[in-house]
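In what follows, a single structure is set out as structure tokens and then discussed.
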Amino acid sequence: MAIQPDATYASNHTGRRRFVIVLICAAQAMLIVDVVVVNVALPSIRNGLAIPDDHLQLISVAYTLTFGSLLIAFGRAGDLLGRRRLFLLGLSLFTLASLFTGLAQNEWQLIIARAGQGVGAAMVAPTALALLTTAFEQGARRNRALGYWAAVSSAGAIGGQLLGGLMTDTLGWRWIFLINVPVGVVTVIAGCFVFAESRDDRRPSLNLRGAVLLVISVACGMLAITRFAEGGHKDEGTFLLVAAATALVAFIMVERRHNTPIFDPRLIRRGNVVAANALLAVNAGTLGGTLFFTTLYLQLVLGYSPMEVGFAFAPITLLILIISPRAGALITRYGARLLVLIGFCLLAGGMLLLARVPTNGSYLRDVLPPLFLLAIGSGLSYAPTFAAGTAGVPDHDQGLASGLLNSAQELGTAVGVAVLGALAAASTIDTTVNSLAAGYRTGLLTAAGALVVSLLLIRQVPGTGRTA
């Protein structure tokens, strides 16, 4: 498959390329922040719209479910229909849905608008990463660009809690959504002038039946994880898991018969792509679970308010923003493999230190040092994983590769938090401080172990010079 001549952008002007990075990172920041920013504001949203407690989770699930389940399908659609077109359309939808979310007057309006945000986000995320990787040839420049992408992706997931607390307490919960509107409008307008179109110039047809089956499979799988994590919903979780497996089998059968399958077998057979997706899923899942336990520890054991928890994560957010952009140059010099190895070891070390936190601990002595290790490990490992997952992938498959990586990150986080949370809950006898701390300890030790075991895949990650 050939790529249109403008796929790597006609202009080589440095300023234009920097503008590409700025716009794509601005869009990615909105998508990632919106996953977590709502968590701190849920009590205010509940009071403002009189939403029952057992419906609050739908506000988050409506976004993450549509976002996570559509990533691969829209990533492939961008390859075939045009990444610039899908990016701008998706960002416009996300911006409009953010406006409706901020103006919602009742529960159903809010949930529908959040689902609309998720659809728009699923169109933007894989096409944005594909636009970034096709704008820069594989090597030092792409590695540097991916460093900025990783900084926004990892720091946004943590900094969203601080942003949510600040905006909710000062401007009101509606502004955590309305702030997306001016940023989105500016990004869309600028993107119309900056981005060049890139797609497969043969314009093969999209495997629509396969795409629908894939979305059903992923959506049912995510819902099953959610139901199992909630406890008391094992029958629903089992039914959804069976539905996910059935849809997946049907998807595989349709793929084998279609002339232009969504998954190019040559891409799936690339060891670095498979390993990078698995490592990213483990990274996102264990880190997500660790931050979840840390948040609960700060609130339930140390007695922090939501705003104080947000400020507690501010130092590591800043550290990730400093380290991640520099990881690009380190990839070029040392290779992705070494950075992933060091990053995972630091992440595991941070989790082991957090597992030692006492019930009468303090933030500065017992929590902040492990969080610094997590920040450094995350900053060093995210960009190399994205670089490994797109290395050697032809331009016409970059959208699919990007969709896979984004899905690995989203699904990894969902599975990690659910599984580690369930293990922690099983180790918690009662609601006393000592029992809660024991549960967190079990989850953190399991997370550290998962990181160490996943390093068995490290040989498939490109070493020195192979991502340059």
Side-chain angles (χ1 to χ4, degrees), residues 22-53 55-67 90-125 128 151-191 291 295 299 304-314 317-318 321:
V22 170
L23 293 179
I24 288 177
C25 285
Q28 178 70 359
M30 288 191 292
L31 310 187
I32 297 298
V33 166
D34 260 53
V35 174
V36 296
V37 72
V38 71
N39 295 337
V40 180
L42 281 178
S44 298
I45 296 175
R46 177 192 58 195
N47 296 334
L49 299 182
I51 298 177
D53 286 344
H55 290 185
L56 284 177
Q57 63 171 344
L58 295 176
I59 300 172
S60 296
V61 171
Y63 181 77
T64 56
L65 182 64
T66 51
F67 186 10
L91 190 56
S92 298
L93 174 59
F94 178 85
T95 303
L96 186 61
S98 295
L99 175 63
F100 287 143
T101 306
L103 299 178
Q105 298 300 309
N106 53 50
E107 178 185 340
W108 70 265
Q109 291 177 357
L110 181 68
I111 292 174
I112 291 176
R114 282 288 282 171
Q117 280 188 301
V119 175
M123 298 170 72
V124 172
V152 169
S153 297
S154 52
I158 303 172
Q161 298 185 81
L162 174 59
L163 181 63
L166 285 173
M167 299 199 74
T168 301
D169 283 356
T170 56
L171 299 176
W173 66 265
R174 295 183 182 278
W175 281 96
I176 66 174
F177 306 113
L178 294 176
I179 191 64
N180 293 328
V181 177
V183 178
V185 169
V186 170
T187 305
V188 168
I189 294 174
L291 295 176
T295 299
Q299 287 185 306
Y304 278 38
S305 68
M307 176 69 76
E308 289 172 328
V309 170
F311 278 110
F313 284 116
T317 304
L318 179 62
L321 289 172

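Only heavy atoms go into these numbers, but all of them, side chains included; no hydrogens, no water, no symmetry mates.
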key: Set of residues satisfying ring pair (Phe, Tyr, Trp, His ring centres under 6.0 Å) with respect to F177, sequence neighbours excluded   =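 Here no residue qualifies.
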To the nearest 0.5 Å, how far apart are [atom1] in [X] and [atom2] in [Y]?
X    : Y    : atom1 : atom2 : value
Q28  : L23  : CD    : CG    : 13.5 Å
L166 : F311 : CG    : CZ    : 4.5 Å
I111 : T101 : CD1   : OG1   : 11.0 Å
W108 : L49  : CH2   : CG    : 12.5 Å
Q117 : F100 : CD    : CZ    : 12.0 Å
S92  : M123 : OG    : CE    : 9.0 Å

inquiry  = According to side chain to side chain contact (heavy atoms under 4.5 Å, CB included), who are the partners of A128, at least two apart in sequence or on a separate chain?
reply    =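 Checked A128 against side chain to side chain contact (heavy atoms under 4.5 Å, CB included); matches are I24, F87, V124, W149.
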Indicate the atoms forming the closest heavy-atom contact of [X] with [Y], along with that distance.
X    : Y    : result
N180 : S98  : ND2-OG, 3.3 Å
T168 : S44  : CG2-OG, 3.3 Å
L31  : Y63  : O-OH, 2.9 Å
I176 : V38  : CD1-CA, 4.0 Å
Q105 : L103 : NE2-O, 2.8 Å
A97  : A113 : CB-O, 3.6 Å

query = With sequence neighbours left out, which residue pairs that include part of residues 94-119 fulfil the salt bridge (charged side-chain N to carboxylate O under 4.0 Å, His left out) condition?
reply =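 Qualifying pairs, neighbours excluded: D34-R114.
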T295 and F313: CA distance, side-chain angles, deciding distance, side-chain contact (heavy atoms from CB on, under 4.5 Å) verdict = CA-CA 9 Å; T295 299; F313 284 116; 3.4 Å; yes
request  = Determine the sole option in V152, L91, I179, V37 for which the side chain to side chain contact (heavy atoms under 4.5 Å, CB included) test with M30 is passed.
outcome  =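 Output: one option passes, namely L91.
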message = Quick one, L178 and L171 - any side-chain contact, counting heavy atoms below 4.5 Å?
response =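 No, every pair of side-chain atoms sits at 4.5 Å or beyond.
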ask   = Just by distance, do the side chain of E308 and the backbone of Y304 share a donor-acceptor pair under 3.5 Å?
value =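 Answer holds: no.
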